[in-house]
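The structure appears right after this line, and notes come after that.
Scope of the values below: all heavy atoms of this structure, side chains included, with no hydrogens, waters or symmetry mates.
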Amino acid sequence: MSNCDEIMKIVVKFKKEFPKVIFIVVNGGFYNVYGKDAIIIGYIQNYKVYNIECDMDGKNIKIPKAGFPAMALESVIEILDKKRISYTI
């Protein structure tokens with residue numbers, strides 16, 4: 001199982017319980033968002049969104065992903081708060 005597959009299991013579980021909350025994942029010195037959350041963050045912050053391939057339940061699927069460095073977190077949070085978009089890290 002790849003790191004992507006493990007992360008996506010966590011993301012999917014979280015999003016089932018909290019579908020309207022953006023789930024920001026810490027990965028070393030970067031933060032990543034996946035799926036629709038990536039598209040939202042990409043749009044409001046003008047970040048590049050690209051697809052990654054993950055194995056989900058035996059199926060190889062493409063999932064949108066956006067990432068940003070730790071130094072940009074404050075800016076991202078400020079905009080999410082201003083737009084009243086719920087998030088968790």
Side-chain angles (χ1 to χ4, degrees):
M1 181 180 301
S2 75
N3 188 34
C4 167
D5 304 336
E6 293 173 24
I7 290 171
M8 285 314 301
K9 283 186 178 187
I10 294 167
V11 171
V12 168
K13 183 178 179 180
F14 176 85
K15 292 303 283 184
K16 281 183 181 177
E17 194 167 338
F18 305 100
K20 294 184 178 183
V21 177
I22 291 185
F23 189 50
I24 302 172
V25 180
V26 180
N27 187 6
F30 286 85
Y31 292 87
N32 296 313
V33 286
Y34 300 90
K36 290 179 183 178
D37 295 349
I39 294 167
I40 293 167
I41 293 291
Y43 178 77
I44 64 175
Q45 286 291 99
N46 200 28
Y47 289 150
K48 181 177 180 181
V49 177
Y50 54 96
N51 289 321
I52 58 170
E53 291 189 16
C54 287
D55 179 32
M56 296 296 292
D57 299 323
K59 296 179 184 176
N60 193 17
I61 61 172
K62 292 182 180 180
I63 299 167
K65 175 183 175 185
F68 53 91
M71 65 182 180
L73 179 63
E74 189 175 318
S75 171
V76 171
I77 288 173
E78 185 177 310
I79 290 174
L80 292 173
D81 287 342
K82 185 177 180 181
K83 294 184 177 290
R84 295 183 164 193
I85 299 173
S86 297
Y87 62 89
T88 191
I89 302 170

Going by heavy atoms in the side chains, are V76 and Y47 under 4.5 Å from each other?
yes
Is there a side-chain contact between V25 and I10 (heavy atoms, below 4.5 Å)?
no
Separation of I41 CD1 from Y87 OH (nearest 0.5 Å):
10.5 Å
Between F30 and I7, is there shared hydrophobic-cluster membership here, with clusters defined by ILVMFWY side-chain heavy atoms closer than 4.5 Å?
no
With heavy-atom distances below 4.5 Å as the criterion, would you say the side chains of F14 and T88 are in contact?
yes
Donor-acceptor pair, side chain of K83 and main chain of E78, under 3.5 angstrom:
no
State yes or no: do I89 and V11 share one hydrophobic cluster built from I, L, V, M, F, W and Y residues joined by side-chain heavy-atom distances below 4.5 Å, directly or via other members?
no
Closest heavy-atom pair and its distance - V49, I39
CG2-CA, 4.3 Å
Report the distance from atom CD1 of I85 to atom CG of D37, rounding to the nearest 0.5 Å.
10.0 Å
Decide whether F23 and I77 are clustered together by the hydrophobic rule: side chain heavy atoms of Ile, Leu, Val, Met, Phe, Trp, Tyr closer than 4.5 Å, transitively.
no
Is any side-chain heavy atom of L80 closer than 4.5 Å to one of I44?
yes
How long is the gap from CG on L73 to CD1 on I24, to the nearest 0.5 Å?
6.0 Å
Are S86 and K20 packed together at the side-chain level, in the sense that at least one heavy-atom pair is separated by less than 4.5 angstrom?
no
Heavy-atom count around Y43 OH within 6.0 Å, excluding the residue itself: above 12?
no
Closest approach of A38 and A66, non-hydrogen atoms and distance?
CB-N, 3.5 Å
To the nearest 0.5 Å, atom SG of C54 lies from atom OH of Y34 at 7.5 Å
Exercise: identify the closest heavy-atom pair between I52 and K65
CG2-CD, 3.8 Å
